[in-house]
Peer 1: 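Pasting a structure below so you can have a look.
The figures that follow rest on heavy atoms only: side chains count, while hydrogens, waters and symmetry mates do not.
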Amino acid sequence: MESEEIGMSDYRIEKPEAAKIEEAYLPIVQAAQSLIVIDQMSHGTALEQMKQLRGAEKKVRERLDPLIASANAAHKGLTKLRADLLRPIERSVSILDGRCQEYERAEREKALAEARRLEEEARKREEERQILDAIAAEQAGDKVTAAAILDEKPVVPVIFVAPALATIAGVWTRPNWRAEVNDKLALIRYVATHPEWVHLVDANESALNGLAKSQREALAIPGARAVEEQVRSIRS
């Protein structure tokens with residue numbers, strides 16, 4: 001019997017030898033897989049073999065369930081320990097991230113406002129230049145050119161102002177988009193007329209199964225039907 005010990009002395013996980021466990025039930029498994037049910041006798045043989053297989057299953061569970069319970073306890077204990085240790089770190093990161101996002105949002109708004117201010121100044125300067133050029137052209141006796149200058153749309157450069165954000169190696173941001181259903185009925189109506197998007201709407205199978213159990217063959221919901229299945233019980 002092999003044993004493996006994990007990092008904490010409180011937990012010990014035993015790894016049983018699978019070959020020895022399998023050896024006990026392999027003949028019945030092989031026989032069952034090769035059996036063809038074609039008449040009453042073979043049907044009875046199949047039912048008897050299923051009973052034997054359930055007995056083999058019971059022995060496997062008796063051997064492994066305590067080990068699984070121990071491993072689950074170890075996993076649960078270590079998972080809780082990890083969560084307890086990580087919780088203050090994750091909370092601190094969350095707090096700082098929220099504060100950083102608030103600052104970044106404010107700085108981007110300030111930078112955008114400054115860019116708009118500078119663009120407005122540039123537009124006014126361009127309009128003033130046009131007026132002065134038009135006046136000069138008119139004073140020179142060229143009224144056609146003066147009118148053409150005044151009809152021109154001012155060319156204003158697009159100005160970008162970088163927000164005052166720090167850059168740290170290993171820390172970056174990226175845009176992330178997600179969908180939010182704010183009108184489920186509207187989505188259903190759209191999918192009803194655009195069947196190529198039917199995968200966007202999933203049936204609530206748990207609720208439908210509940211209706212099928214209660215209404216049985218009387219279930220009358222378009223697009224769904226009640227299906228009867230035979231559930232076999234076997235005791236070794």
Peer 1: I want to check something: taking the side chain as every heavy atom from C-beta on, are I131 and I135 in contact at a cut-off of under 4.5 Å?
Peer 2: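 Side-chain contact under 4.5 Å: yes.
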Peer 1: For residues A137 and I149, report the shortest heavy-atom separation together with the two atoms involved.
Peer 2: CB-CD1, 4.4 Å
Peer 1: For residues 151-160, tabulate all N or O donor-acceptor pairs below 3.5 Å that involve a side-chain atom, not counting sequence neighbours.
Peer 2:
none

Peer 1: Scan the side chains in residues 93-100 for donor-acceptor partners under 3.5 Å anywhere in the protein, sequence neighbours excluded, and list what turns up.
Peer 2:
{"unit_1": "D97", "atom_1": "OD2", "unit_2": "Q101", "atom_2": "NE2", "d": "2.8"}

Peer 1: For A164 and Y103, which heavy atoms make the closest approach, and how far apart are they?
Peer 2: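 Looking at all heavy atoms of both residues, the shortest contact is O-OH, 2.7 Å.
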Peer 1: Got a sec, which residues hit side chain to side chain contact (heavy atoms under 4.5 Å, CB included) with D65, two or more places apart in sequence or on another chain?
Peer 2: R61, I68
Peer 1: I'd like to know if R116 pairs up with E119 as an ion pair, taking the criterion as any Lys NZ or Arg NE/NH1/NH2 lying under 4.0 Å from an Asp or Glu carboxylate oxygen.
Peer 2: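 Yes, charged N to carboxylate O under 4.0 Å.
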Peer 1: Is the backbone of M41 close enough, under 3.5 Å, to the side chain of T45 for a donor and an acceptor to pair up by distance?
Peer 2: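 At least one qualifying donor-acceptor pair exists.
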Peer 1: With sequence neighbours excluded, give me every salt bridge (charged side-chain N to carboxylate O under 4.0 Å, His left out) pair touching residues 131-145.
Peer 2: R129-D133
Peer 1: Which pairs would a plain distance check flag for residues 211-229, meaning a side-chain donor or acceptor within less than 3.5 Å of a matching protein atom at least two apart in sequence or in another chain?
Peer 2:
{"unit_1": "S214", "atom_1": "OG", "unit_2": "G210", "atom_2": "O", "d": "3.2"}
{"unit_1": "S214", "atom_1": "OG", "unit_2": "L211", "atom_2": "O", "d": "3.0"}

Peer 1: Could you go through residues 172-192 and list every donor-acceptor pair under 3.5 Å that involves a side-chain atom there, pairing it with any protein atom two or more places apart or in another chain?
Peer 2:
{"unit_1": "D183", "atom_1": "OD1", "unit_2": "L185", "atom_2": "N", "d": "3.4"}
{"unit_1": "D183", "atom_1": "OD1", "unit_2": "A186", "atom_2": "N", "d": "3.0"}

Peer 1: Check whether any side-chain heavy atom of E17 sits under 4.5 Å from a side-chain heavy atom of I21, and report yes or no.
Peer 2: no
